[in-house]
Amino acid sequence: MIEVIEHLYDEDLEALLQSVHRIINRDGIVIFTTPNEEQLEEASVWCPYCEKVFHRWQHVRSWSETELRRYLESKGFDIVASFTTDFNRKRRRNPKNWRLVKWCKALGLRWVKRTNLRVKKPHLAVVCQPSGPSGSWT
């Protein structure tokens, strides 16, 4: 779940986590990434046509490491690891996101090396597993 959960309203987030819980095996791993403690107001823009204020990238919520851990645990996930990381392309030779790279390599994923994500602030990564039997939902 790379950069998804900050875009979802409560009902949609609940549905997403239900789906993840339903389809993942008990020994499966889910990785969530999201901006870490993003100040939503800093990226707000005003539309002159509809006269509404909204987030530039349609983020509707901000997560801290503690909040996301508690939330996922309350939704039936066991936290394997959580950490802040930096997807900044300039730091690839000596990545601060070495933990995420390590997890992705362990899972056979290679997306971290190929992304062109450019962000100014660190991101949050949480690696978790379902805590109940496969197909259950808390």
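Keep in mind the model is a prediction, meaning the values are calculated, not measured.
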So, do Ile31 and Val126 sit near enough that their side-chain heavy atoms are less than 4.5 Å apart?
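Counting from C-beta outward, Ile31 and Val126 never come under 4.5 Å.
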To the nearest 0.5 Å, tell me how far [X] [atom1] sits from [Y] [atom2].
X	Y	atom1	atom2	answer
Leu72	Glu67	CG	CD	11.5 Å
Arg69	Ser64	CZ	OG	11.0 Å
Ser131	Arg26	OG	CZ	6.5 Å
Leu17	Ser19	CG	OG	8.5 Å
His123	Thr85	NE2	OG1	9.0 Å
Glu38	Asn36	CD	CG	10.0 Å

Taking salt bridge (charged side-chain N to carboxylate O under 4.0 Å, His left out) as the cut-off, I'd like each qualifying pair that reaches into residues 47-57, sequence neighbours left out, listed once.
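For residues 47-57, and leaving out neighbouring residues, there are no salt bridge (charged side-chain N to carboxylate O under 4.0 Å, His left out) pairs at all.
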Please enumerate all residues that pass salt bridge (Lys or Arg N to Asp or Glu O under 4.0 Å) together with Arg61, with sequence neighbours excluded.
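Partners of Arg61 under the salt bridge (Lys or Arg N to Asp or Glu O under 4.0 Å) test: Asp10.
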Which atom of [X] lies closest to which atom of [Y], heavy atoms considered:
X	Y	answer
Glu65	Ser82	OE2-OG, 2.5 Å
Leu16	Val4	CD2-CG1, 4.4 Å
Leu68	Ile5	CD1-CD1, 3.7 Å
Pro35	His59	CG-CE1, 3.8 Å
Asn25	Pro130	O-CG, 3.4 Å

Side-chain heavy atoms under 4.5 angstrom apart, residues restricted to Ile, Leu, Val, Met, Phe, Trp, Tyr: same cluster for Leu8 and Ile24?
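Yes, Leu8 and Ile24 fall within the same hydrophobic cluster.
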In one Ile/Leu/Val/Met/Phe/Trp/Tyr side-chain cluster, 4.5 Å: Leu13, Met1
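The answer is yes; both residues are in one hydrophobic cluster.
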Looking at residues at least two apart in the chain, or sitting in another chain, which of them share a side-chain contact (heavy atoms from CB on, under 4.5 Å) with Gln58?
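With neighbours one apart ignored, the set is His7, Phe54.
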Using distance alone, with no hydrogens and no angle criterion, decide if Glu6 and Thr34 have a side-chain donor and acceptor under 3.5 Å apart.
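Yes - a donor-acceptor pair under 3.5 Å links their side chains.
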For Phe77 and Phe32, take the angle between the two ring planes, folded into 0 to 90°, and tell me which bin it lands in: parallel under 30, tilted 30 to 60, perpendicular over 60.
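Phe77 vs Phe32 ring planes: perpendicular.
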Walk me through whether Thr33 and Glu3 qualify under side chain to side chain donor-acceptor pair (under 3.5 Å).
CA-CA 5 Å; Thr33 70; Glu3 305 301 304; 2.8 Å; yes
